[in-house]
Each structure stands twice: as C-alpha cells, then as structure tokens.
Amino acid sequence: MSVALHEEHSPDLDKYMAGLGQAARAAAAELANAEPRQKNAALLQIAAVLDQRRDFILQENQKDLELARENQLNAAMLERLELNPARVDAMIEGLQQVAGLADPVGEISELRYRPSGIQVGKMRVPLGVIGIIYESRPNVTIDAAALCLKSGNASILRGGKEALYSNQAIYQCIQQGLEQSGMIASAVQVVNTADREAVTQMLQMPDCIDVIIPRGGKSLIERITHDSIIPVIKHLDGVCHVYIDEHADLQKALDIAVNAKTRRYGVCNAMETLLVDEAIAPRLMPEIIRLMSASGVELRGCDRTREYDAGQIIPAGEEDWYTEYLAPILSIRIVDGLAQAIEHINHYGSQHTDAIVSEDYGRTREFMRRVDS
C-alpha cells in the first residue's frame, strides 16, 4: 500500500478534507455497532503488522529526523520525534494492552429506581468521530488510533509536519491491519498533508467531527481552542509535581523521583518540580542530588535546597516554579509539610499530573482531595 504525501497547499485540499470527514462519519456508524471481538482482532492485527514492518517505520522516521536536524529543531522535539526498536515494541505492547481491556461500549452505571418505579441509569456510548491534532511524537498515532477503535469511535488524526513520514508509515500499518481483520479501513484516517490549512479545516467541520483533542505545546492548544467551532478537550502546560512526604519509603521515593524526571524529558507528564518534606530532606536530598546529577539533570532549588550543595544547585527564581522545562532541568523546593506542598501545587501547577509518595493513607487521601489536578 502506498500513501501520497501532500506537503503544500493545493486546490484539492477542500475536497480531500471533506472526503475524510464523510468517510469518518460513515465509519463511525459502523464502528459503534462493532462487536468487542472485532475491535480486539483489529488491534491485534495492527500490532502484528507493526512488528512485520518495523524496519520500514524506522527508515521513514530517519527521514523525519534528518529534516528536523536540518531545520534545527531543539533537543526536546528531537527526543519526542525519534523512534527506535524499544519504542516500536512499546507501540505494539500498547495495542495488545488496549485489546485486553474490558470493552467500554454499553457499560451501564448508576442504575437506580425512581419514585415512579422506573429505572434510570447511564450507558456508555461512542462519541462518534474524534479529531486529534498533535505534535512531534509519532507513537501518538498508534495511541490515538487504538483508544478510539476500542471505544467505538472513528478518528481523524493530524500529526505535526515534523513527523509526516513516520506518521504515514504507521498509518499504512494501521490501514493494512484494519483491512486484514475485516474492519472498515476509514475507521482510522491520518491526514497526509503538512499544510496548516488542513488543521483550520478540521476545526470547522462540526458536521463530520464531534470533538477535537489537541496534544502538544501551549501555542498549538491555544490556537485550536481559539479557532475551533467544535468542542475541545484540552490541557495547556504540563508543570507536574512529585511531593515526597515525611512518611515516604525512602527507596521508593528515590526510584519514583528519578523515573518521573529521567525516563523521558520531552513528555508532558514528566516531573518538573520536586517537593520534599523538610523532615525527610536530610536523608533524601544527598541521594537525589547524586542520582539526578549522574543522569545529567541540572538542578535549581530554593534556599533550603541549596544548603545541601550550593555549588551544584542553581538558585530557583519565581519563574522556575511555573516552567515546563521539557528538558533535563529540575526545580526542587523543600516544604514545611503536606499543607505547604498542596499550596505550592495549587498555586504554580497546571492541573495536569501531580503525585504524592507516602505510606500514610490518610495523608495521601488528603492530597488527592485537595490538589486540583
């Protein structure tokens, strides 16, 4: 199967986008009635095709990486863009995991008798057609396609221009898997142009698309929120925190903190600020400094943090607490306790992803109840 790439705006763009929308709307009606075994078979077949064509995917990804370096994309963008055998394995595993989940369609909850004697409840049904607009990370193409398929939704996916070759390679695998499993091929469609006008048109297609989900930087999400006439499910910054409580298991806390920061720097749920209870700081901070430094992470800290290594820890300014670095940089603040940690997160956080490490059930419950995340 071959897919033509359209890198410039053409008079046929209107027709092309309308065709995607109409095909997706027709597919949504069929997909909503698909049996769980059909959807799972499609997911597993896509996984098998990805495995068979991994060399092709990696070759196409190299084209994107070469262009990205020529265009001087920053290190965080390159890290997001890169595929390797382990990331292909992760995409395959993700498809298999989604196939193994319980089917959400038709699930009934909150079923209650009313005073009149009738029963009223809620049933989960597909939304219809989901448009997803994202940047850089080509594995999002698989993530988005898999979740939409499992939930009975057709999807129109538009990745960033920097990942055009990678996304189209992955799309070929998706199409092949859908066709081989007997699922309607237009259940998943990936826009094959780098023209920004394609995004504008997606945002103006309420007859074909039911909801838009943007995944990317703040400027992308702000633009989509401003321009879309379709409902948008969104978040902006990923200023994510981990709070290590005085009742934390020390080794567990170290493992979580290092993983949260160093596993991948360029993802929106990477830890950007570490909050440490002053009661555990004397035992924790020397190891945190050692482990983060060994991973090449630049540390910025409050005055109390810098007392542990003023030569290595840069003073953190007010702006640091608001910053999503997407890079090997970490802000650290030592706090008086749980209340101050919660106050810090609710003031500086972005309501994205925040965590507490504690062995005290009551304190973890309080954190979850009071942190708006």
Side-chain angles (χ1 to χ4, degrees), residues 3 17 20-21 23-25 27-28 31-32 34 39-40 42-47 49-50 57 61 64 80-81 83 87-88 90-99 101 103-105 126-178 181 183-193 198-199 202-203 205 208-217 220-221 224 228 230-235 238 264 266-269:
V3 178
M17 294 303 296
L20 289 185
R25 179 59 70 200
L31 193 57
K39 295 183 288 186
N40 292 339
L43 291 167
L44 294 175
Q45 189 58 41
I46 294 169
V49 175
L50 280 178
I57 293 168
N61 181 245
D64 286 325
R80 288 183 173 196
L81 178 59
L83 292 177
R87 290 183 180 178
V88 176
M91 290 193 289
I92 293 168
E93 183 181 359
L95 285 160
Q96 294 167 342
Q97 289 176 344
V98 173
L101 295 173
D103 195 276
V105 179
L127 292 169
V129 179
I130 298 178
I132 303 180
I133 300 166
Y134 50 99
E135 295 175 321
S136 237
R137 292 169 57 196
N139 58 294
V140 172
T141 303
I142 282 293
D143 295 343
L147 293 172
C148 289
L149 270 174
K150 184 74 176 191
S151 57
N153 293 289
S155 57
I156 298 176
L157 312 178
R158 202 284 189 178
K161 65 180 181 180
E162 66 282 350
L164 188 63
Y165 287 101
S166 304
N167 286 334
Q168 289 300 316
I170 292 169
Y171 180 41
Q172 289 187 34
C173 296
I174 293 171
Q175 291 285 285
Q176 186 176 335
L178 290 171
S181 68
M183 182 69 72
I184 183 169
S186 52
V188 179
Q189 299 179 94
V190 178
V191 177
N192 67 1
T193 175
V199 173
M202 280 184 69
L203 304 179
M205 296 168 60
C208 298
I209 300 175
D210 297 291
V211 65
I212 293 286
I213 302 176
R215 288 188 59 173
L220 171 75
I221 295 171
I224 288 170
S228 180
I230 301 168
V232 177
I233 300 174
K234 65 179 176 67
H235 71 81
R264 289 190 71 181
V267 293
C268 57
N269 61 337

From [X] [atom1] over to [Y] [atom2], what is the distance, rounded to the nearest 0.5 angstrom?
| X | Y | atom1 | atom2 | answer |
| --- | --- | --- | --- | --- |
| Asn40 | Met183 | CG | CE | 9.0 Å |
| Glu135 | Glu162 | CD | CD | 6.5 Å |
| Ile170 | Ile46 | CD1 | CD1 | 11.5 Å |
| Met91 | Asn139 | CE | CG | 6.5 Å |
| Asp143 | Arg137 | CG | CZ | 7.0 Å |
| Leu178 | Leu31 | CG | CG | 9.0 Å |

Applying side chain to side chain donor-acceptor pair (under 3.5 Å), can you list everything that pairs with Arg87, at least two apart in sequence or on another chain? Glu79

Between Met202 and Val191, is any pair of side-chain heavy atoms under 4.5 Å apart? yes

May I ask you to decide if [Y]'s main-chain N or O and [X]'s side chain share a donor-acceptor pair within less than 3.5 Å?
| X | Y | result |
| --- | --- | --- |
| Lys234 | Pro214 | no |
| Gln189 | Leu20 | yes |
| Asn153 | Ile130 | no |
| Ser155 | Leu157 | no |

Could you report the tightest heavy-atom contact between Asn167 and Thr141, atom names first, then the distance? OD1-OG1, 2.7 Å

Run the numbers on Leu101 and Gln97 for side chain to side chain contact (heavy atoms under 4.5 Å, CB included), then give the verdict. CA-CA 7 Å; Leu101 295 173; Gln97 289 176 344; 5.9 Å; no

From the list Gln172, Arg158, Gln168, side chain to side chain contact (heavy atoms under 4.5 Å, CB included) partner of Val190 resolves to Gln168

Salt-bridge present (Asp64, Lys161; N to O < 4.0 Å): no

